[in-house]
Each structure stands twice: as C-alpha cells, then as structure tokens.
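In what follows, a structure is listed as structure tokens, so that the remarks can point back to it.
Letters go in sequence order (proteins before strands), and every chain restarts at 1.
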2 protein chains.
Amino acid sequence: MSGTEERELVTQWRDLMTCYNKVACDLDRELQDQHGLGLSEFEALDRLIESGQDKLRMHELAEGMYLSQSAFSRTVARLERAGLVGRSMCMDDRRAMFVTATENGRARHSEARDTHRKVLAHHLS
Amino acid sequence: MSGTEERELVTQWRDLMTCYNKVACDLDRELQDQHGLGLSEFEALDRLIESGQDKLRMHELAEGMYLSQSAFSRTVARLERAGLVGRSMCMDDRRAMFVTATENGRARHSEARDTHRKVLAHHLS
DNA sequence: GTGCATCAGATGCACAAGCATTAAATGTCA
DNA sequence: TGACATTTAATGCTTGTGCATCTGATGCAC
C-alpha cells in the first residue's frame, strides 16, 4: 500500500467519522429535545413500524441494526418503559419475545418522523 | 420531499451508520487488544504526530476532531496518564496547554499505525 | 485602572455502549 | 431418555461520551 493510498484511506475514514458524528449528534439532540427519543430508540421504533409487521421477534428487529445485542435489549427496554412498545411471549419458541408498537408508540413515531427526515435532509446530500 | 427521496435518504443514513459502526467497533477492538489504545486515543495521537509540529495547543489538536471538548480533554488526559503525551504550559497564553508526543507515544503510534491502516483497508473501498 | 464578555481547558454528572456472563428454552445425537 | 451444544434475551460491570458548569486567563471598552 503506497503512502498516497494510505493518506486517501485515512482521509476517507476521517470524513466518514466527522460526517457520522455530526449527523448522529444533531439527530440525537433534536429527537431528544423535541420528542424525548434517543437515536437508537427512534431507529428501533422506526424499523418496527416500517416493517409492516404487527409484531417482530427481538432478534428479527435487531437484524440490520448497528447495535450490540445487549445495547439493543436495553433500547427496547427503554421503549417499553416509556410505553411506546409492548413485549409478549412467543409461544412457538418460548425463549423469544415479540415486540409490538403501542398506540402511543405509533403516535410518537409519527411526530418524530418529520424531525428525523428534516435533519437527514439538512445534512446529507 | 417525495416518498422515494425520503426512502433514499433513510437508506443512505442507515448505510452510513452501519458502515461507521462496523469500522469503529472493529478498529477500537483491534487497537485496544493489540496496542492498548482506544480509537479516540489513537486518533488524537495520530493527528498530533502527523501534524509535524513538535507541540500543539489542545484547541489546535481538537480542531477537526469529531469529539466534544470535554471528551477530547479526557482523551488527552488518558494519553498523558499512559505516558504517551506530555502537557506543558503555554507562556504566550496561560489558559492554553501544549501537548507533545513522548518517545513512548511515538513508538506506540508507530506500532499501532499498521493495525489502523490494515483495518481501514479491510473495510473501506 | 475597573467591569464585563469571551475563551481555554477541566470536572461533576447522568447515561448509553460493549463485553462477558447468566438463565432458560430448544436442538441434536447417541 | 439423557447429556451436551446452541440459541434467545437479560443483566452486572466498566468505560467513554455529551451537557452543563466551573475556574482562570485574556481582550476590550470606558
């Protein structure tokens, strides 16, 4: 790997970090201030509702998310504590838990969605 | 904003999150395991050494970094505790602190650099 | 000079993250 | 059936982060 290639790689990575952190930070602040939702909370809620499914297993919802298993588990716990999702047993596999959006959850998501899209539009191309 | 545009925006953002978190997590783990350096620690050390300057003010070094002021302050404190950088008063402006890489700091950076570049090359185009 | 805004950096605090571990249910194979 | 590995999700623990605040030093206007 040449020195020039290295430099480009590092520059690319730094740009990525800067961009990600700017957006994530701004997004988190806006969602928190205006809707009382953290970034990962919104993300989980968003994916749950947009899946079109009434209920999803934890594992299915976690799929494709950027969080570790433990962080995800706690995120859903926070959403549940806030009354935005409900959890129920899965009878087919009693290890698994179903997650469902509550009415409050859908309402909150609907409100927060605009903020989310607006911040993204502002930062990304 | 049309629905299609929205979808693209969200997809773009999710890809960015996924990519960033994969790289950051992997990078942090490798740097930590192999060299006892956290991601931000390496980043600060890297920028300090690559600046070509013998010493930099905290503020100058923080410039362009993705961290908040407090997080950056603590990062340098950790580096100092590890003996990788030194801090000294700036006589021109006694509010400011100079940061300098120590011999140990340069050595550690030199070792870690390869790991860093390798992980980046593996993940980024 | 005095007063006041501003700036550099450190710190108290609350919280979300990852790692390792745990508990219980399920799968597998003899 | 019984023993053992695997999977699903939760939890104890430590640590890094951002926000707000604090302490000093500097700049500026009067």
Side-chain angles (χ1 to χ4, degrees), chain A residues 17-18 20-33 36-45 48 55-63 65-82 85-100, chain B residues 17-18 20-33 36-45 48 55-63 65-82 85-100:
Chain A
M17 273 199 289
T18 304
Y20 170 81
N21 280 288
K22 256 206 201 82
V23 182
C25 204
D26 199 3
L27 204 46
D28 194 64
R29 206 155 2 86
E30 293 291 311
L31 288 172
Q32 193 68 59
D33 290 353
L37 283 174
L39 177 52
S40 354
E41 274 136 70
F42 176 82
E43 201 65 30
L45 195 57
L48 174 58
K55 51 189 180 177
L56 285 179
R57 283 179 175 78
M58 289 285 283
H59 202 256
E60 293 170 322
L61 185 51
E63 188 93 352
M65 269 196 68
Y66 53 93
L67 285 176
S68 71
Q69 184 267 321
S70 70
F72 177 74
S73 174
R74 288 185 161 96
T75 300
V76 176
R78 285 194 297 275
L79 284 171
E80 187 183 33
R81 228 175 303 139
V85 306
R87 282 193 279 196
S88 55
M89 291 293 264
C90 169
M91 288 314 170
D92 292 357
D93 183 343
R94 293 173 54 199
R95 291 171 298 187
M97 295 289 288
F98 278 131
V99 190
T100 322
Chain B
M17 274 197 289
T18 303
Y20 170 81
N21 281 287
K22 256 206 202 81
V23 181
C25 205
D26 200 3
L27 205 46
D28 194 64
R29 205 154 4 85
E30 294 291 311
L31 288 171
Q32 192 69 58
D33 290 353
L37 282 174
L39 176 54
S40 350
E41 275 134 69
F42 176 83
E43 200 65 31
L45 194 58
L48 174 58
K55 51 188 181 179
L56 285 179
R57 283 181 175 77
M58 289 285 283
H59 202 253
E60 293 170 323
L61 184 52
E63 188 92 352
M65 271 196 68
Y66 53 94
L67 286 176
S68 70
Q69 184 267 322
S70 70
F72 177 74
S73 174
R74 285 178 223 267
T75 299
V76 175
R78 284 194 298 274
L79 284 171
E80 186 183 31
R81 229 175 302 141
V85 306
R87 283 193 279 196
S88 56
M89 291 293 265
C90 170
M91 289 314 172
D92 293 357
D93 183 343
R94 294 174 53 199
R95 292 170 298 186
M97 297 289 287
F98 277 131
V99 190
T100 321

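- Nearest to the side-chain atoms of A/His59 among the listed nucleotides D/dT17, C/dC19, D/dT8 stands D/dT8.
- For C/dC13, neither phosphate oxygen OP1 nor OP2 lies less than 4.0 angstrom from any side-chain nitrogen or oxygen of B/Ser70.
- Between B/Arg87 and the phosphate of C/dA10, there is a side-chain N or O to OP1/OP2 separation shorter than 4.0 Å.
- Using a distance-only test at 3.5 Å, with no hydrogens or angles considered, a donor-acceptor pair links the side chain of A/Thr75 to the main chain of A/Ala71.
- Side-chain atoms of B/Arg74 lie closest to C/dC13 of the nucleotides D/dA9, C/dA17, C/dC13.
- Atom-to-atom, CZ of A/Arg29 to P of D/dT17 comes out at 17 Å; the value is rounded to the nearest Å.
- Residue A/Asp93 places its side chain closer to C/dT26 than to any other of C/dG18, C/dT26, D/dT26.
- In the set D/dT17, C/dA16, D/dA9, D/dA9 carries the atom at the smallest distance from any side-chain atom of A/Arg57.
- The backbone N or O of B/Lys22 sits nowhere less than 3.5 Å from a side-chain atom of B/Asp26 that would complete a donor-acceptor pair.
- Computed from coordinates, the A/Leu61 CG to D/dA9 P distance equals 10 Å when rounded to whole Å.
- For the pair B/Leu27 CG and C/dA17 C1', the interatomic distance rounds to 17 Å; values are reported in whole Å.
- Applying the 4.0 Å criterion to OP1 and OP2 of C/dA10, one finds that B/Ser73 has a side-chain N or O inside that range.
- Across all strands shown, C/dG1 is found opposite D/dC30 as a Watson-Crick or G-U wobble partner, with both distances under 3.5 Å.
- Atom CD in A/Gln69 sits roughly 16 Å away from atom P in C/dA23 (whole-Å rounding).
- Nearest nucleotide to the A/Arg95 side chain, out of D/dA25, D/dT7, C/dG12: D/dT7.
- The CZ atom of B/Arg81 sits 12 Å away from the P atom of C/dA10 (whole-angstrom rounding).
- Atoms CZ and CG, on A/Phe98 and A/Leu61 in that order, are 12.5 Å from each other to the nearest 0.5 Å.
- Considering only side-chain N and O atoms, A/Ser40 lies under 4.0 angstrom from the phosphate OP1 or OP2 of C/dA17.
- Residue side chain A/Ser68 does not reach the base of C/dC19 through any donor-acceptor N/O pair under 3.5 Å, judged by distance alone.
- The side chain of A/Arg94 places no N or O atom within less than 4.0 Å of a non-bridging phosphate oxygen (OP1 or OP2) of C/dA23.
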